[in-house]
Amino acid sequence: MCIRDSFYTNKLRSKLTFVCAHTDSNKTILQSIKALRRGEFKPTFWMPFAWMQIIYGSEYDPTPYIPFTREDVTMSDNGTISLDWAEIPEFYQRKGEESVASQKICVITHGLTGGSDCNYVRLAVKAALKGGFRAVVVNARGLGENKLSTWKPQNISSSDDLAEALDFVQKKFPDASIYGIGISMGALIMLTYIGKAKEQSKIKAAVSIANPFDLAQTTKYIAQRPFWNYHITTHLQAILNKNADVLKTAPKELNIDWERARKAWTTAEFDEAFTRRILGFTSLDAYYNEINCIRYLKDITVPVLCINSLDDPLSDPRAIPKEEFYKNENLILVLTSKGGHIDWFTGRKPRRWIYWPTVDYLNYVAKHHLPSLAITNS
């Protein structure tokens, strides 16, 4: 046994923990998804720690070229989101594939400051295309290389924009089934939508990756990690500066403290000075308490797979509501002890393991047409 293999055996192998209702359906799913059936995730041996995975992912992981076609969509309040479409390349198409009009669609929602220009999003798109899905990235207001059209920015406390985006996608392709991949904050918003929509969800099945679940708890967690806290804050400030000309047309009575927001060192300070005010919340606590998908998990009626890493420095593992996964048999939670935030690099030449079980799960659900199970609340 070589030194590297010995190190894997003793230190790096991350056994998967499964949390779900003990049903035959869930057991069959876990046995059918190859990356989950193996029961472990093996991080790249020279990236054993979360901070290594995150830095490599944000700074060094190559960003693939994806030939997107952009479509701007006007929301009911005149705000604008952008849908970036990616069609299945000919070399990924399979014999007997459904017609273009009925091809299954994978809707991808990005993290707090992300967009279709980010490597992790494009890798999700690439994985979806390879898995036989037409892919579309929902770029939030002011993100994904587009600017705001009104002074109202992205509102992560609401799933309304996603709901309107899904209505647009379904009208564009009425014969297609829609599936979802939500990443980080995009996962929280996607599960909020699915839970609120109940049986009316346009999304037939979804995978939630690195979901923070509860932003109030996550903010306290990040406050104990000043490096990452400041890192996220600088990204928020960059978005503010990029859209400053439009944002400054917001009503004066909102009392936005522009100077404090630009000089903030923490996300909480930035959100107090800018975010909660421009979104109309009376307090920071009121804003953070609204960004919580846990209350909606009990109402989810479609298959959902959630994957989180317990060493995630950006999402508090204590906020993961394990008890909800035992109560609702539509939900499966997979926990790894390593993986970083949205990273999960494996192999000597690092690749993101996370998209293997993600696409396999969605294809399994699509192939076997798993029924939506209505939840009876006692």
What verdict does the side-chain contact (heavy atoms from CB on, under 4.5 Å) test give for Ser157 and Phe281, after you've listed the backbone C-alpha separation in whole Å, the side-chain angles of each residue and the deciding distance to 0.1 Å? CA-CA 10 Å; Ser157 71; Phe281 285 89; 3.5 Å; yes

Going by the rule salt bridge (charged side-chain N to carboxylate O under 4.0 Å, His left out), which residues pair with Lys147 if we only count those two or more places apart in sequence or in a different chain? Asp245

What closest approach, in Å, do Leu30 and Cys20 show between heavy atoms, and which atom pair accounts for it? CD1-SG, 4.3 Å

Looking at side-chain heavy atoms only, is the closest gap between Ile183 and His110 below 4.5 Å? no

Is there a donor-acceptor contact under 3.5 Å from the side chain of Thr346 to the main chain of Lys42? yes

If you group Ile, Leu, Val, Met, Phe, Trp and Tyr by side-chain heavy-atom gaps below 4.5 Å, do Tyr326 and Leu331 land in one group? yes

For the backbone of Thr336 and the side chain of Glu40, can you confirm whether one donor and one acceptor N or O come within less than 3.5 Å of each other? no

With Thr17, which of Leu333, Leu335, Val334, Asn308 fulfils side chain to side chain contact (heavy atoms under 4.5 Å, CB included)? Leu335

Derivation of the side-chain contact (heavy atoms from CB on, under 4.5 Å) call for Ile332 and Val304: CA-CA 6 Å; Ile332 296 176; Val304 171; over 6 Å; no

Just checking Gln200: does its CD atom have more than 12 heavy atoms from other residues, nucleotides or ligands closer to it than 6.0 angstrom? no

In short, Thr218 meets Asp316 closest at the heavy-atom pair OG1-N, 4.1 Å

Under 3.5 Å, is there a donor-acceptor pair linking the side chains of Asn139 and Asp84? yes

Could you tell me if the side chain of Phe213 sits less than 4.5 Å from the side chain of Pro321, heavy atoms only? yes

Donor-acceptor side-chain pairing of Trp344 and Ser309 below 3.5 angstrom: no

Under a single-linkage definition using a 4.5 Å side-chain heavy-atom cutoff for Ile, Leu, Val, Met, Phe, Trp and Tyr, are Tyr65 and Tyr355 assigned to the same hydrophobic cluster? no

Nearest 0.5 Å please: distance from the CG atom of Leu191 over to the CG atom of Leu297. 6.5 Å

Just verifying a value: how many Å separate Thr267 OG1 and His231 NE2, rounded to the nearest 0.5 Å? 12.5 Å

Shared hydrophobic cluster for Leu112 and Trp265 (ILVMFWY, side-chain gaps under 4.5 Å): no

Heavy-atom nearest pair, Met190 first then Leu162, reads CA-CD2, 3.7 Å

Does CH2 belonging to Trp51 count more than 12 external heavy atoms closer than 6.0 Å? no

Cluster link Tyr296 to Phe325, ILVMFWY, side chain under 4.5 Å: no

Which is it for Glu87 and Arg134 under the salt bridge (charged side-chain N to carboxylate O under 4.0 Å, His left out) test, yes or no, and what are the steps along the way? CA-CA 5 Å; Glu87 301 296 333; Arg134 172 191 281 120; 3.0 Å; yes

Would you check if Tyr221 and Pro317 make a side-chain contact, meaning some heavy-atom pair closer than 4.5 Å? yes

Heavy-atom closest contact (Ala206 atom, Ile194 atom, distance): CB-CD1, 3.7 Å

If we only count heavy atoms from C-beta on, is the Met47 to Asp343 side-chain gap below 4.5 Å? no

Apply the test side-chain hydrogen bond (donor to acceptor under 3.5 Å, both in side chains) to residues Glu71 and Ser82: give CA-CA distance (whole Å), side-chain angles for both, the deciding distance (0.1 Å), then the verdict. CA-CA 6 Å; Glu71 193 166 16; Ser82 295; over 6 Å; no

Does the side chain of Asn78 reach to within under 4.5 Å of the side chain of Lys152, using non-hydrogen atoms? no

What is the minimum heavy-atom distance between Ala250 and Ile278, and which atoms define it? CB-CD1, 4.2 Å

Would Glu269 and Lys263 count as a salt bridge (charged side-chain N to carboxylate O under 4.0 Å, His left out) if you check the C-alpha gap in whole Å, the side-chain angles of each, and the deciding distance to 0.1 Å? CA-CA 9 Å; Glu269 187 179 0; Lys263 292 181 178 180; over 6 Å; no

So, Tyr288 and Asp271: side-chain donor and acceptor under 3.5 Å apart, yes or no? yes

Establish, for the pair Lys248 and Trp258, whether the NZ or CZ atom is under 6.0 angstrom from the six-membered ring centre and no further than 45 degrees off its axis. yes

Tell me, yes or no, whether the heavy-atom count around Lys242 atom NZ, taken from other residues, nucleotides or ligands under 6.0 Å, exceeds 12. yes

Any donor-acceptor N/O pair, Asn26 side chain to His22 backbone, under 3.5 Å: no

As a test of understanding, state which of Phe133, Tyr364, Tyr361 forms a ring-ring contact (aromatic ring centres under 6.0 Å, His included) with Tyr179. Phe133

Same cluster (ILVMFWY, side-chain, under 4.5 Å), Val136 and Leu166: yes

Would you say that Ile300 contacts Asn328 through its side chain, given a criterion of any heavy-atom pair below 4.5 Å between the two side chains? yes

If you count every heavy atom of other residues, nucleotides or ligands that lies below 6.0 Å from Asp77 atom CG, does the total exceed 12? yes

Output, in order, the C-alpha distance, side-chain angles, deciding distance and verdict of side-chain hydrogen bond (donor to acceptor under 3.5 Å, both in side chains) for Thr192 and Ser159. CA-CA 6 Å; Thr192 297; Ser159 60; 5.9 Å; no

Could you walk me through whether Lys34 and Asp360 pass the salt bridge (charged side-chain N to carboxylate O under 4.0 Å, His left out) test, one step at a time? CA-CA 8 Å; Lys34 185 177 180 181; Asp360 283 354; over 6 Å; no

Contact summary for Thr266 and Thr233, nearest pair of heavy atoms: C-OG1, 3.0 Å

Ser315 side chain vs Asp312 backbone, donor-acceptor pair below 3.5 Å: no

Under 3.5 Å: donor-acceptor pair, side chain of Asn363, backbone of Gly131: yes

Check whether any side-chain heavy atom of Arg262 lies under 4.5 Å from a side-chain heavy atom of Phe274, and answer yes or no. no

Who passes salt bridge (charged side-chain N to carboxylate O under 4.0 Å, His left out) against Glu272, sequence neighbours left out? Arg276, Arg277

Criterion side-chain contact (heavy atoms from CB on, under 4.5 Å) on Ile108 and Val138, from CA distance to verdict: CA-CA 6 Å; Ile108 299 169; Val138 180; over 6 Å; no

Using the rule given for ring-ring contact (aromatic ring centres under 6.0 Å, His included), can you reason through Tyr56 versus Trp46, listing the C-alpha separation, both sets of side-chain angles and the distance that settles it, and then say yes or no? CA-CA 11 Å; Tyr56 181 85; Trp46 48 269; 5.8 Å; yes

Are the aromatic rings of Phe173 and Trp85 close, with centres under 6.0 Å apart? yes

Residue pair Ser76 / Glu164, side-chain donor-acceptor N/O under 3.5 Å: yes

Arg260 vs Phe270, test: side-chain contact (heavy atoms from CB on, under 4.5 Å). Steps then yes/no. CA-CA 7 Å; Arg260 184 182 174 192; Phe270 179 90; over 6 Å; no

Heavy-atom check, side chain of Lys196 versus side chain of Asp299, under 4.5 Å: no

Sole candidate of Asp161, Thr80, Asn155 that passes side-chain hydrogen bond (donor to acceptor under 3.5 Å, both in side chains) when paired with Arg141: Asp161

